[in-house]
Amino acid sequence: DRAWAYEAAGVARSLFTPGLHRVIVSCGPPHGAHDGGRRLSTVTMLPFVMDLRDPWSLVERWYESIASPFSTWIASRHERHALQQAALVVMNTERARAAMQKVYPAEASRIISVMNGYDEDEVLPSYRRGKRFMLAYAGTVYLDRSPEALFAAAARLVAELELTPRTFGVEFMGKVDRINGLSIETIASKAGLNAFVRVHPPGSRREAAKFLARGAVLVSLPQDSEMAVPSKVFEYMRYPAWLLALARVGSATEILLRDTAADVVEPDDVGRIFAILLRHYQDYQDGESPAPIASGGRFSRRAQADILFDAIDRLLLKPRHAGTPPA
């Protein structure tokens, strides 16, 4: 990564035009890009913005092929050098920003968060709702994103209200890996939901939008990456549906949704998941339809881009970044 970054910095240096280029932005992973940005900044004296869309030394899960204490040491060393040169450090979530500020308290004022967001100008498909109350999940199901607690709560709902597959269902669209060696169908069968659970293959973005438009409740399954927000959460915000996120208190997802109408539940709290499903099922049968959480636009890509570009504008109004003299 470092070798690639130094080559990239060399190419950028050959393109640099004083008076035309005003700021250097690196974006990673791959985090070697930040090494290149740091190196270019020391040569050009331009302010350096380091954008981490995933944590670097604070990454919560390493690939097995490079997982070792030495990998963490390397990441920390290069991150520290890049951050010392950076005029602005951008993290992907509020939780990641807070974690980074804790590691680098002296640089806390230069560390901000810019989230992913959703597109405001995309037209959603229309859907005429019927009597069937559907829970929908779009995207890959993998690693720790187990639906077991959701299925347990759904099975209780089916039993207590004597529901049938014509009136209730849980549907997935996307690539579905095995969870702890078990398929989604096997997990559903163990919960007594085999007739209520359906898995659709991956499709186009348009097909995914049509699928989500049918959902009464859009579900985000749990994950152990506490500093990340699944991008589907931002997509879900655009739909007139209830949003159910299985996430721990203090996680990036819980912090994001804390002051919204979304239901955020501890991943293993079957009783509360059931209570939420029961309430929304009754609301649905009464003809209620929630307003999209996206109303207001504060979680849109435009709003998040404004945060970034406003920060860069403020940066460029400051005295010229001195940088570190090139070696």
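Side chain to side chain, His31 and Trp56 fail the donor-acceptor criterion of an N or O pair below 3.5 Å. In summary, the side chains of Arg80 and Gln84 do not present any donor paired with an acceptor at a separation below 3.5 Å, with no hydrogens or angles considered.
Here the CG atom belonging to Leu161 is positioned 9.0 Å from the CD atom belonging to Gln285, to the nearest 0.5 angstrom. Within the model, atoms CG of Asp283 and CG of Leu278 stand 9.5 Å from one another, a figure rounded to the nearest 0.5 Å. Separating the CG atom in Leu157 from the CG atom in Leu193 is a distance of 9.5 Å, to the nearest 0.5 Å. Separation of atoms CE (Met91) and CG (Asp54) is listed at 9.0 Å; rounding is to 0.5 Å. Considering CE of Met237 and OG of Ser300, their distance stands at 10.5 Å, rounded to 0.5 Å. In this structure, the separation between CG on Leu316 and CZ on Arg22 is 4.5 Å, given to the nearest 0.5 Å.
No chain of hydrophobic side-chain contacts below 4.5 Å, direct or via other Ile, Leu, Val, Met, Phe, Trp or Tyr residues, connects Met100 to Trp62. Both Ile187 and Phe168 sit in one connected hydrophobic cluster of ILVMFWY residues. Membership requires side-chain heavy atoms under 4.5 Å apart, directly or through other members. Hydrophobic clustering places Leu277 together with Leu243 (ILVMFWY residues linked when any side-chain heavy atoms are closer than 4.5 Å, directly or through intermediates). In the hydrophobic clustering of this structure, Val264 does not group with Val270; members are Ile, Leu, Val, Met, Phe, Trp, Tyr whose side-chain heavy atoms approach within less than 4.5 Å, directly or through other members. Connection of Ile184 to Leu246 is established within a shared hydrophobic cluster, with ILVMFWY side chains joined at heavy-atom distances below 4.5 Å, either directly or through further cluster members.
Using cut-offs of 30° and 60° for the angle between ring planes, the Tyr281 and Phe133 rings count as perpendicular.
With hydrogens and angles disregarded, a donor-acceptor distance shorter than 3.5 Å links the side chain of Thr93 to the backbone of Met227. No donor-acceptor distance shorter than 3.5 angstrom exists from the side chain of Glu120 to the backbone of Gly297, with no hydrogens or angles considered. With hydrogens and angles disregarded, a donor-acceptor distance shorter than 3.5 Å links the side chain of Arg132 to the backbone of Pro165. Side-chain atoms of Glu254 never come within 3.5 Å of backbone atoms of Val249 as a donor-acceptor pair (strictly under, hydrogens ignored). Using modelled atom types, no side-chain atom of Ser41 and backbone atom of Gly37 make a donor-acceptor pair closer than 3.5 Å. Formation of a donor-acceptor pair under 3.5 Å by the Gln223 side chain with backbone atoms of Ala228 is found in this model.
Taking 4.5 Å as the limit, every side-chain heavy atom of Asn116 sits out of range of all side-chain heavy atoms of Val229. Counting only heavy atoms from C-beta outward, the side chains of Val23 and Leu88 never approach each other to under 4.5 Å. Proximity of Ile276 to Trp242: side-chain heavy atoms (C-beta onward) are nowhere separated by under 4.5 Å. Lys232 is listed as a side-chain neighbour of Tyr137, based on a closest heavy-atom distance under 4.5 Å. His34 is not listed as a side-chain neighbour of Leu83, based on a closest heavy-atom distance of 4.5 Å or more. Taking 4.5 Å as the limit, every side-chain heavy atom of Ile24 sits out of range of all side-chain heavy atoms of Met50. Residues Phe48 and Leu40 fail the side-chain proximity criterion, which asks for heavy atoms closer than 4.5 Å.
Listed by chain and residue number, nothing satisfies the ring pair (Phe, Tyr, Trp, His ring centres under 6.0 Å) test with His81 (two or more places apart in sequence, or in another chain). Partners of Glu185 according to the side-chain contact (heavy atoms from CB on, under 4.5 Å) rule, which considers only residues two or more places apart in sequence or in another chain, are Ser183, Val199.
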Practice task
Tell me, with the steps shown, if Phe16 and Leu46 meet side chain to side chain contact (heavy atoms under 4.5 Å, CB included).
Solution key: CA-CA 10 Å; Phe16 169 60; Leu46 290 179; 3.5 Å; yes
Exercise for the section: Just do the side chain to side chain contact (heavy atoms under 4.5 Å, CB included) check on Tyr127 and Lys210 with the steps written out, would you? Expected result: CA-CA 8 Å; Tyr127 176 71; Lys210 289 180 179 179; over 6 Å; no
Exercise for the section: Show the numbers, then the answer: is there a salt bridge (Lys or Arg N to Asp or Glu O under 4.0 Å) between Glu235 and Arg205? Expected result: CA-CA 11 Å; Glu235 296 292 324; Arg205 182 171 177 80; 3.1 Å; yes
Practice task
Please report the C-alpha distance between Thr164 and Thr167 in whole Å, then the side-chain angles of each, then the deciding distance to 0.1 Å, and finally whether the side chain to side chain contact (heavy atoms under 4.5 Å, CB included) criterion is met.
Solution key: CA-CA 5 Å; Thr164 70; Thr167 56; 3.6 Å; yes
Exercise for the section: Might you work through the side chain to side chain contact (heavy atoms under 4.5 Å, CB included) test for Leu52 and Val89, ending with a clear yes or no? Expected result: CA-CA 8 Å; Leu52 292 90; Val89 178; 3.8 Å; yes
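Closest heavy-atom contact between Ala262 and Ile293: CB-CD1, 3.6 Å. Of all heavy-atom pairs spanning Gln304 and Met115, the tightest one is OE1-N, 2.9 Å. When all heavy atoms of Arg214 and Met134 are compared, the closest pair comes out as NH2-SD, 3.4 Å. Between Val43 and Arg13, the shortest heavy-atom distance links the atoms CG1-NE, 3.1 Å. Closest approach of His78 to Asp35, counting heavy atoms only: ND1-OD2, 3.2 Å. Nearest heavy-atom pair across Leu58 and Pro55 is C-CB, 3.7 Å.
Residue Glu7 places its CD atom among 12 or fewer non-hydrogen atoms of other residues, nucleotides or ligands, all under 6.0 Å distant. Within 6.0 Å of CZ on Arg110 lie more than 12 heavy atoms contributed by other residues, nucleotides or ligands. Glu160 CD: more than 12 foreign heavy atoms inside a 6.0 Å radius.
Residue Asp263 is tested with Arg279, Arg272, Arg258 for a salt bridge (Lys or Arg N to Asp or Glu O under 4.0 Å); the sole match is Arg279.
In the hydrophobic clustering, Trp73 connects to Phe70, Ile74, either directly or through intervening members, whenever side-chain heavy atoms lie under 4.5 Å apart.
Figure legend: Arg129 and Tyr284 shown as a cation-pi pair, the cationic atom lying under 6.0 angstrom from the six-membered ring centre and within 45 degrees of its axis. Tyr118 does not carry Arg238 over the face of its six-membered ring by the limits of under 6.0 Å from the centre and within 45° of the normal.
Under a 4.0 Å N-O distance rule, the pair Arg302/Asp306 qualifies as a salt bridge.
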